[in-house]
Amino acid sequence: MKDTGIWLRQRFERPARRLVGFVAFAALIFAVLLGRLIDVQIVHGAEYRAQAEANQIRLIRVAAPRGLIVDRHGKVMVRSRPSFVVALVPSLVKHLHRELQSVASTIHLSPAKLEDRLYHHNGVNYRNFAEVQTYEPYGPVVLARNLSVADVARLSELLADLPGVDIEVQAIRDYPYNNVGSLMLGYVGLITASEYKRLRPYGYSPNAIVGKDGLEYEYDRYLRGRPGGQRVVVDAAGNVVAGDRLPDKAPVPGDTLELAVSLRLQRIVESALAHGVQRVQRGESVSGAVVVEDPWTGRILAMSSYPNYNPNDFALDRSRKISFYLTDPAQPLFNRAIAAATPTGSTFKMVTGSAAITVGVIRRNQIVYDNGEWNCDGYLARDIVSGGLGYTSFVPALAASSDGYFYRLSMGLGLKRLRKFALLYGLDARTGIDLPGESKGNWPTNAWMMKNYGLPQEPSDACFLGIGQGAMQATPLQIANIASAVVNGGTLYRPHIVTRILSPDGRIIKVFPPVIIRHVPVTQKSLAAVRAGMAQVTSAVGTAYGLAIPGFPFAGKTGTVETDGGNGPNTTWFVCWAPLKHPKLVIAVYVDRSGGYGANVAAPIARKIMIRYFRLKV
């Protein structure tokens, strides 16, 4: 009996314990749910309500006006202007073909043209309208831009019967001086599929207008602004709820770029380069570039490349013009100022000369006999000027650009030291200018020679590298930067175009102070000797004799480069600074395959720039 009582007691205690456990578990679940409910409804209620509303609201975007680009004096070089566009919101369209027909007849375009723009935009090709509605339900897809006031008036009367069709005022990029500074400023265009994939995390839309080149590309994140537009309510299926319209969101204009560039100087440079190139064109395409730099800061005061283009053609989507730019053998979209790397001729003697004096290969006043040739490790290199200068020293030899004299210096330096100083002056490296597409040029090594020509580098190569010939290459920007270092005592600056970024209301967002790359380790005596030699460029012994400007002395160095092994037209160079005593600017001029010599092709372009910029009477 006793055992039976124990068994009964245990039998009834087990369900009781299970019940208690179940109740405790249920209470725990209830507490968790209650806590979550409190969190959702009370603690984060407002936040979740805002998220829910956001999920029901869509923004039919309108691009913000891009920011201004102004010169150093505040003169507008690039702006945005209002333009009427007709756009389509795909999710609102009821009868596509009827609506396109109506729009086309009203604005005098073919329906096929509008369909082409609807199905092929932003680098994406849609097969049908259903795909457009799926991937871009709220668009807006722009069908036509730059509508006339008359077109807008006629179309406005029909909008009530054209659901999904809208007339918008959008900002369109405007370059009031057309081609002036185009290779530096750049251009804009519709974002492509690959660009959208890369930029989508930064808030770009599939219909965004983005910078494609130049400053427009480099500073796009500042210039683009923040888009606004029409806010609409959508249902669970993503369809727009008719009649439930919210206040529009105003776009925020982009920031302003303030440049070191002088618009007046830029226009002078553009004109002088174009006339100088056109003067020597004889059936064959001739191109060139000019860089003007402040030698004391590295800031770019003007930059031009020829031929150039009108960026308004890209802003207005003028397809024929754009096609011409892309296929023209003269390559008007190629910025030769920063990307055309070629041998520089005797302008490189600035480097060879300062290096040779620094390491003791020659002294400034040391007299040597120049017979116009030099034995370059078994190869007899001759000057194009027969006979040489006779007894001479560094300053007149640089003024006269004696190759025979500089063969001597180049061999004295040798390949290793020539390369060392070339690189210290910034060759074979990008300067870091705030533009895309810069070339680093080239300074050949034995490995480079073996890779490209299958031949080892010879000691005699120093003779030709030292006078800016052979396989060395530099850009006009690099040569201007070297000259600036010669002027300022050996400081190599990083060239820069933008000086400040300002908000639309004028608040300073960012300032770009001068940046020093390095101090070139050459002696001040060597730089003084180079400056003295270049100061005599227009003297009776100088290579630019006859180009002096009365009452306005300047310093310079000509350069002439053979092409096609001496069988092609010469490429010509000239680098200078002015005024002589207190230089305000350095000018590098490059004219590719122009024929002639630096003295009669490139130097007159620089001379014209100085005369007009300093308002000189000649």
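Hydrogens, waters and symmetry mates are skipped; everything else that's a heavy atom, side chains included, is used.
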Rounded distance [0.5 Å steps], [atom1] in [X] versus [atom2] in [Y]:
X      : Y      : atom1 : atom2 : answer
Ile268 : Leu273 : CD1   : CG    : 13.5 Å
Glu562 : Phe464 : CD    : CZ    : 10.0 Å
Ile501 : Leu257 : CD1   : CG    : 6.0 Å
Gln478 : Ser439 : CD    : OG    : 6.5 Å
Glu458 : Tyr379 : CD    : OH    : 13.0 Å
Thr342 : Met472 : OG1   : CE    : 8.0 Å

Which pair of non-hydrogen atoms, one from [X] and one from [Y], has the smallest distance, and what is that distance?
X      : Y      : result
Thr558 : Ala544 : CG2-CB, 4.4 Å
Asn446 : Gln457 : OD1-N, 2.8 Å
Val188 : Lys212 : C-CG, 3.9 Å
Gly466 : Thr352 : O-OG1, 2.7 Å
Ala588 : Pro476 : CB-O, 3.6 Å
Val277 : Gly288 : CG2-N, 4.5 Å

Are more than 12 heavy atoms from other residues, nucleotides or ligands located less than 6.0 Å from atom [atom1] of [X]?
X      : atom1 : value
Arg364 : CZ    : yes
Tyr545 : OH    : no
Tyr597 : OH    : no
Arg198 : CZ    : yes
Lys321 : NZ    : no

Taking [X] for its side chain and [Y] for its backbone only, find out whether a donor-acceptor pair lies under 3.5 Å.
X      : Y      : value
Tyr493 : Trp296 : yes
Arg417 : Gly412 : yes
Ser262 : Leu265 : yes
Gln536 : Leu398 : no
Arg494 : Thr431 : yes
Asn488 : Pro295 : yes
Gln266 : Met303 : yes
Glu438 : Gly432 : yes
Asn375 : Gly378 : yes
Ser271 : Arg267 : no

Do [X] and [Y] touch side chain to side chain, with heavy atoms closer than 4.5 Å?
X      : Y      : value
Ile482 : Val575 : no
Val498 : Glu218 : no
Leu435 : Asn335 : yes
Glu293 : Arg299 : no
Ile605 : Ile609 : yes
Leu263 : Met77  : yes
Leu547 : Pro604 : yes
Ile338 : Thr475 : no

Would you mind listing every ring pair (Phe, Tyr, Trp, His ring centres under 6.0 Å) that reaches into residues 562-588, with sequence neighbours excluded?
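Counting only pairs at least two positions apart or across chains, the ring pair (Phe, Tyr, Trp, His ring centres under 6.0 Å) contacts touching residues 562-588 are Trp573-Tyr590.
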
Could you walk me through whether Thr571 and Thr563 pass the side chain to side chain donor-acceptor pair (under 3.5 Å) check?
CA-CA 7 Å; Thr571 289; Thr563 65; 5.6 Å; no

Do you see a donor-acceptor pair shorter than 3.5 Å between the side chains of [X] and [Y]?
X      : Y      : answer
Ser346 : Ser401 : yes
Ser402 : Asp370 : yes
Tyr219 : Asp255 : no

Measuring centre to centre across the rings, with the benzene-like ring taken for any Trp, is Tyr187 within less than 6.0 Å of Tyr175?
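Not close enough - the centres of the two rings lie 6.0 Å or further apart.
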
Applying side-chain hydrogen bond (donor to acceptor under 3.5 Å, both in side chains), can you list everything that pairs with [X], at least two apart in sequence or on another chain?
X      : answer
Ser393 : none
Asp403 : Lys349
Asp564 : Arg593

By the definition side-chain contact (heavy atoms from CB on, under 4.5 Å), identify the one residue from Thr297, Val515, Ile433 that meets it with Pro495.
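Single pass found, and it is Ile433.
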
Side chain to side chain donor-acceptor pair (under 3.5 Å) evaluation trace for Asp220 with Tyr202:
CA-CA 11 Å; Asp220 188 73; Tyr202 303 100; over 6 Å; no

As a quick check of understanding, evaluate side chain to side chain contact (heavy atoms under 4.5 Å, CB included) for Val522 and Leu424, giving each step before the final call.
CA-CA 10 Å; Val522 289; Leu424 286 169; over 6 Å; no

Which residues pass the ring-ring contact (aromatic ring centres under 6.0 Å, His included) test with Phe552, not counting sequence neighbours?
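Partners of Phe552 under the ring-ring contact (aromatic ring centres under 6.0 Å, His included) test: Phe614.
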
Excluding sequence neighbours, so at least two apart, what forms ring-ring contact (aromatic ring centres under 6.0 Å, His included) with Trp374?
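Testing Trp374 for ring-ring contact (aromatic ring centres under 6.0 Å, His included), a comparison that skips the adjacent residues, returns none.
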
What's the verdict on side chain to side chain contact (heavy atoms under 4.5 Å, CB included) for Thr543 and Val537, showing C-alpha distance, side-chain angles and the deciding distance?
CA-CA 6 Å; Thr543 54; Val537 69; 3.8 Å; yes

Let me see the working for Phe314 and Tyr309 under ring-ring contact (aromatic ring centres under 6.0 Å, His included), right down to the final yes or no.
CA-CA 10 Å; Phe314 289 91; Tyr309 64 94; 5.7 Å; yes

Show, in sequence, the C-alpha distance, side-chain angles and deciding distance for Tyr405 and Thr392, and conclude whether the side chain to side chain contact (heavy atoms under 4.5 Å, CB included) test is met.
CA-CA 9 Å; Tyr405 181 91; Thr392 189; 4.0 Å; yes

